[in-house]
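Below is one structure, written out as structure tokens, with a few remarks after it.
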Amino acid sequence: KVTMHTTFLGGGFGRRLKNDYVRYAVHVANHPSLRGTPVKVMWSRPEDFTHDFHRPAAAVRFDAKLGADNKIAALKAKVVGGRTSNAAVTKLSTSAVDGISTALYGFGNKLVQWVDDQAQVPVASWRSVGNSQNCFFIESFMDELAAARSIDPITFRINHLDGSTTNGARAIAVLNRLRTESGWDTAPASGRQRGVALSMSFGDTVCAQVAEVSGTPTTGFKVWKVTVVIDPFSVINPNTVEAQIESAVIQGLGTAMYNSQTMSA
């Protein structure tokens, strides 16, 4: 005699993957004084935070060898943390290495290792899951390698993509379109710099972005413009795609530049 009303995941950004709130509602509804009475349990925003599941912390160390052709002959990545569950580990946490082990780039040799670091707070999936941190990690390292050989960052990325494969060709097309749309080959205004990143989450949509930024770690940063080019394979509602990308940029900027969370024992 139970009717389940499924809650949609949209707007939860991973939080609704957990169903701990169901236990509270059942516990309240099962109280003798409330038998047969419809019950609705709601948390205030502060209460919700005290029951929250958090984005897992992660760190990565990269080592690479560049060949004479300026391509990565070998890449080693050691990921610490990043898994999206506090449950006992029985196998490799794919969420901890997604975006690195699944990177679009072709390397001569690649080794991705994972070291579990049990979080001391409840953790769960965050929007784009492992890609949310691992894209930042590997794309930052790609920039370091491009700088080491004085190669344009977009060109360096294209040189590591296989245009004979479907996803490689898609990624190259996205980067070339982004070069044009962002004005990459023209000098930015005085005091500004541009950075680029490429990602393909869950083997589907290819996304690349260019951010135009000014400032320093001491004075703070200002983001003037973000240009996004995506290849989502198929589209049912273009408005939904546009809203998804715009909201992702806003949430990413907010998390990187402003948001914080303080915990105390």
Side-chain angles (χ1 to χ4, degrees), residues 9 13-14 17 53-64 71-72 74-85 89 91-117 119 123-146 153-154 156-162 165-175 178 195-211 226 228-233 244-245 247-256:
L9 288 177
F13 307 109
L17 288 170
F53 289 79
H54 306 277
R55 181 188 186 187
V60 180
R61 177 190 173 96
F62 287 104
D63 293 284
K71 291 186 177 181
I72 301 172
L75 177 80
K76 178 181 178 181
K78 191 169 187 176
V79 182
V80 179
R83 66 185 176 103
T84 55
S85 172
V89 175
K91 60 181 180 179
L92 170 68
S93 174
T94 55
S95 64
V97 297
D98 271 349
I100 297 176
S101 62
T102 59
L104 281 164
Y105 305 116
F107 306 122
N109 296 279
K110 180 171 70 173
L111 173 64
V112 181
Q113 298 173 310
W114 175 58
V115 178
D116 182 32
D117 182 25
V123 293
S125 300
W126 197 69
R127 188 174 183 173
S128 79
V129 199
N131 289 276
S132 66
Q133 71 265 9
N134 290 332
C135 174
F136 170 78
F137 289 144
I138 195 166
E139 288 300 287
S140 297
F141 191 58
M142 291 292 285
D143 280 340
E144 292 182 30
L145 296 175
I154 289 183
F156 186 75
R157 285 166 170 80
I158 289 176
N159 290 343
H160 285 85
L161 294 167
D162 184 357
T165 65
T166 299
N167 287 335
R170 293 171 65 216
I172 291 172
V174 165
L175 286 171
L178 183 64
V196 62
L198 170 72
S199 178
M200 184 179 72
S201 296
F202 314 114
D204 191 1
T205 295
V206 177
C207 179
Q209 303 186 15
V210 165
V226 177
V228 185
V229 174
I230 67 168
D231 176 356
F233 259 140
Q244 179 70 240
I245 297 303
S247 62
V249 170
I250 292 169
Q251 186 176 9
L253 290 176
T255 301

First locate atom CZ of F107, then atom NZ of K76, and finally report the distance between them rounded to the nearest 0.5 Å.
15.5 Å
Can you tell me if F136 has over 12 outside heavy atoms packed within less than 6.0 Å of its CZ?
no
Rounded distance [0.5 Å steps], CG in L104 versus CD1 in I138:
9.5 Å
What's the separation between atom CD in Q133 and atom CD1 in I100, rounded to the nearest 0.5 Å?
8.0 Å
My understanding is that only residues two or more places apart in sequence, or in another chain, count here; which of them pass side chain to side chain contact (heavy atoms under 4.5 Å, CB included) with R127?
F13, Q244, S247, A248, Q251
Would you check, one step at a time, whether the test side chain to side chain contact (heavy atoms under 4.5 Å, CB included) holds for W114 with T94?
CA-CA 9 Å; W114 175 58; T94 55; over 6 Å; no
Give the minimum heavy-atom separation between T165 and G168, together with the two atoms involved.
OG1-N, 3.1 Å
Rounding to 0.5 Å, atoms CD (Q209) and CD1 (I230) come to a distance of 9.5 Å
Listed by chain and number, what are the side chain to side chain contact (heavy atoms under 4.5 Å, CB included) partners of I250, not counting sequence neighbours?
none
Side chains of V196 and V210, heavy atoms from C-beta outward: is any pair under 4.5 Å?
yes
Can you name the nearest heavy-atom pair linking V206 to A171, along with the distance?
CG1-CA, 3.8 Å
Could you give the distance from SG (C135) to CE (M142), rounded to the nearest 0.5 Å?
11.0 Å
With sequence neighbours excluded, residues passing salt bridge (charged side-chain N to carboxylate O under 4.0 Å, His left out) with D98:
none
Taking all heavy atoms of S95 and all of N134, pick out the closest pair and write down the distance.
O-ND2, 4.2 Å
Residues passing the side chain to side chain contact (heavy atoms under 4.5 Å, CB included) test with A124, sequence neighbours excluded, are K18, F53
For the residue pair P153 and D143, what are the closest heavy atoms and their distance?
CB-OD1, 3.7 Å
Going through the checks in order, is the side chain to side chain contact (heavy atoms under 4.5 Å, CB included) test met by L75 and Y105?
CA-CA 11 Å; L75 177 80; Y105 305 116; over 6 Å; no
Residue pairs passing the side chain to side chain donor-acceptor pair (under 3.5 Å) test where at least one lies in residues 198-207, sequence neighbours excluded:
none
Short question: side chain of R157, backbone of L198 - any donor-acceptor pair under 3.5 Å?
no
Evaluate whether atom NZ of K110 has more than 12 neighbouring non-hydrogen atoms of other residues, nucleotides or ligands under 6.0 angstrom away.
yes
Distance-only donor-acceptor hits, side chain of residues 55-63, under 3.5 Å, sequence neighbours excluded:
residue: R55; atom: NH2; partner: S132; partner atom: O; Å: 3.3
residue: R55; atom: NH2; partner: S132; partner atom: OG; Å: 3.3
residue: R61; atom: NE; partner: D63; partner atom: OD2; Å: 3.3

Output yes when a side-chain donor or acceptor of S128 lies under 3.5 Å from a complementary backbone atom of N131, and no otherwise.
no
Restricting to non-hydrogen atoms, name the atom on D231 and the atom on R170 that form the minimum distance, rounded to 0.1 Å.
O-NH2, 2.7 Å
As an exercise, state the distance from CG of N159 to CD1 of I154, rounded to the nearest 0.5 Å.
12.0 Å
Looking only at heavy atoms, the pair that brings S85 and V123 closest together is N-CG2, 3.7 Å
